[in-house]
Amino acid sequence: MKISVRSGDTFWYYSQLFFIPAGLIIDSNPSLDPNALKIGSEVEIPGFIKESYTIKQGDTFWKLAEQRNIHVDGLLLLNGNINPDALKIGSAIILPSRVTTPIVNGRQGYSFDILQRDLTRLKEIYPFIRLRSIGESVLGKPLYKIKIGDGSKKVHMNASFHANEWITTSVLMTFLNDFLLSLTNMIPIRGVETLSVYKAVTLSIVPMVNPDGVDLVLKGPHSAMKDQLLNINNGSSDFTGWKANIRGVDLNNQFPAKWELEKERKEVKSPAPRDFPGDKPLSEPETIAMAELAQEELFDRMLALHTQGKEFYWGYEGLEPPEAERLAEDFERVSGYRSVRYIDSYAGYKDWYIKEYRKPAFTLELGKGINPLPLSQFDEIYRDTLGIFLVSIYRWY
């Protein structure tokens, strides 16, 4: 919600006016100097939208402000051309409306278009988040990254490396939305005060690593590539089991962490719906972007969301740090998921991250069943994994 600065206004005053932490207002307006606001400058107030309202019999600014739990000066600020002592029935005013319900609906087939729409809306309501593309998919779709907070501790989460595991994007975007709601409404999540997390931690999220593959699973093949994709899919028009990117390369078998071993023992030797690791490591634009992001930001912790199994993996060749074991114990306790240190599988993002940086990294296998998991599991999956998300951003040993 945008407002115009008046004489004497400050960010601190706006925080009192709308009951929004001043730090979130400052971060929502990085181009403005908090100590030298200019009259007429536009200021973003996070967590609010503007609504048109028609004056009814008995309405006053004071009554309307009380109903919305804001100061009456908030109404005066948005309606500078209205005389509050002479409201006319039927005339229109602008009301600040606090956002208290989610934008994201995770209980749907979560395509790239839905992701774009939700990110645009979240950025409008919560302008303190930073949104950028870290690269492009094979078909040129942006690989979006969201950054929240500016603390010294860095946590990264990603989803939908595998196309038919798109429900992981639904889960991660739902957590992002709940985190933002918690910040602007100052309501803890399971007892966790998220504003203190925001100040201490920088959280980065890549919600859809494989947008081309996700859209293939949910919408079917694009006409320009239909024949090629049908050929890779052994002539079948059913793409619901597709894991790979649009070129038939399994993105979570693409990283230089015993890639040669995985390449040798894979039965799949050419582009396929799943398991083909490519002709060389980091051959795909999606995996290159994810590797470059890690090298740029050097996360302290990394979570990669997959399905299925109700378990998580956290070791690689004994290179994982002691902190990883403590986190694994807490993850197991809060989620009920089984902690697995080592599995006979390599070349994943988690493996490479541990190998390169000796930091805690986890592959989370959400839910249980046959991929793609049904949306009927969404609520259970989110309930189980929410504790893992929270531990990863607030518990430091």
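For R265, the salt bridge (charged side-chain N to carboxylate O under 4.0 Å, His left out) criterion is met by E262, D344, not counting sequence neighbours. Residues forming a ring-ring contact (aromatic ring centres under 6.0 Å, His included) with Y13 (at least two apart in sequence, or on another chain): none.
Residues D215 and S111 have side chains that never bring a donor and an acceptor to within less than 3.5 angstrom of each other. Residues D118 and Y110 bring a donor and an acceptor atom of their side chains to less than 3.5 Å of each other. Under 3.5 Å, the side chains of D27 and Y198 contain a donor-acceptor pair of N or O atoms. Side-chain contact check for D238 and T240: at least one donor-acceptor pair (N or O, by modelled atom type) lies under 3.5 Å. Using a 3.5 Å distance cut-off with no hydrogens or angles, the side chains of Y144 and Q116 do pair a donor with an acceptor. Checked by atom type, the side-chain pair S283/Q254 shows a donor-acceptor distance below 3.5 Å. Counted by atom type alone, E51 and Y53 present zero donor-acceptor pairs between their side chains at under 3.5 Å.
A salt bridge is absent between E66 and K63; no separation between the charged side-chain nitrogens and carboxylate oxygens falls under 4.0 Å. Salt-bridge formation is not detected for the pair E320/K359: no Lys NZ or Arg NE/NH1/NH2 atom is positioned less than 4.0 Å from an Asp or Glu carboxylate oxygen. The existence of a salt bridge linking K153 and E323 is excluded, since no basic side-chain nitrogen approaches an acidic carboxylate oxygen closer than 4.0 Å. In summary, R338 and E332 do not engage in a salt bridge, as defined by a charged side-chain N under 4.0 Å from a carboxylate O. The pair R6-D9 counts as a salt bridge, with a side-chain nitrogen and a carboxylate oxygen less than 4.0 angstrom apart.
Using modelled atom types, no side-chain atom of S133 and backbone atom of P142 make a donor-acceptor pair closer than 3.5 Å. For the pair K141 (side chain) and N210 (backbone), a donor-acceptor distance under 3.5 Å is absent. For E42 (side chain) and S4 (main-chain N/O), no donor-acceptor pair under 3.5 Å exists by modelled atom type. The backbone N or O of I381 lies less than 3.5 Å from a partner atom in the side chain of T385, making a donor-acceptor pair. The main-chain N or O of I129 is found under 3.5 Å from a side-chain atom of K123 such that the two form a donor-acceptor pair. Within the 3.5 Å criterion, the main-chain N or O of L76 finds no donor-acceptor partner in the side chain of D73.
The hydrophobic clustering, which links ILVMFWY residues whose side-chain heavy atoms are closer than 4.5 Å, places I187 and Y382 apart. Side-chain heavy atoms closer than 4.5 Å link hydrophobic residues (I, L, V, M, F, W, Y) into clusters, and following such links, even through other members, never connects F276 to L216. No continuous path of ILVMFWY side-chain contacts below 4.5 Å connects V206 to L122, so the two sit in separate hydrophobic clusters. M302 and V197 fall into different hydrophobic clusters, defined by Ile, Leu, Val, Met, Phe, Trp and Tyr side-chain heavy atoms under 4.5 Å apart, directly or through other members.
Ring-plane geometry between F161 and H306 is classed as parallel, the angle between the planes falling under 30 degrees on a 0 to 90 degree scale with a further cut at 60. The aromatic rings of Y14 and F11 sit tilted, their planes meeting at an angle between 30° and 60°.
Atom NZ of K2 is surrounded by 12 or fewer heavy atoms from other residues, nucleotides or ligands within 6.0 Å. When the shell of 6.0 Å around CD of E267 is examined, it contains 12 or fewer heavy atoms from other residues, nucleotides or ligands. Heavy-atom neighbours of Q108 CD from other residues, nucleotides or ligands within 6.0 Å: above the threshold of 12. No more than 12 heavy atoms of other residues, nucleotides or ligands lie within 6.0 Å of CD1 in I370, so this atom counts as exposed by the packing criterion. Around CH2 of W396, the count of heavy atoms belonging to other residues, nucleotides or ligands within 6.0 Å exceeds 12. Around the NZ atom of K269, the shell of radius 6.0 Å holds more than 12 heavy atoms that belong to other residues, nucleotides or ligands. The 12-atom threshold is exceeded at NZ of K266, counting heavy atoms of other residues, nucleotides or ligands nearer than 6.0 Å.
Taking the ring centre of Y397 as origin, the terminal cationic atom of R326 falls inside the region bounded by 6.0 Å and 45° from the ring axis.
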H71 vs F18, test: ring pair (Phe, Tyr, Trp, His ring centres under 6.0 Å). Steps then yes/no. CA-CA 7 Å; H71 288 295; F18 295 104; 9.0 Å; no

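A side-chain contact (heavy atoms from CB on, under 4.5 Å) with N371 holds for exactly one of H162, E165, R274; it is E165. The ring-ring contact (aromatic ring centres under 6.0 Å, His included) test with F255 singles out one residue from Y346, Y349, Y316, and that residue is Y349. In summary, of the residues considered (K368, R107, K310), a salt bridge (charged side-chain N to carboxylate O under 4.0 Å, His left out) with E380 occurs for K310 alone. Residue E296 forms a salt bridge (charged side-chain N to carboxylate O under 4.0 Å, His left out) with just one option from R132, K154, K145, and that option is R132.
For the side-chain hydrogen bond (donor to acceptor under 3.5 Å, both in side chains) condition, no pair includes a residue of residues 79-94, sequence neighbours left out.
Between Y337 and F312, the gap from one ring centroid to the other reaches at least 6.0 Å. Here H156 and Y353 keep their ring centres 6.0 angstrom or further from each other.
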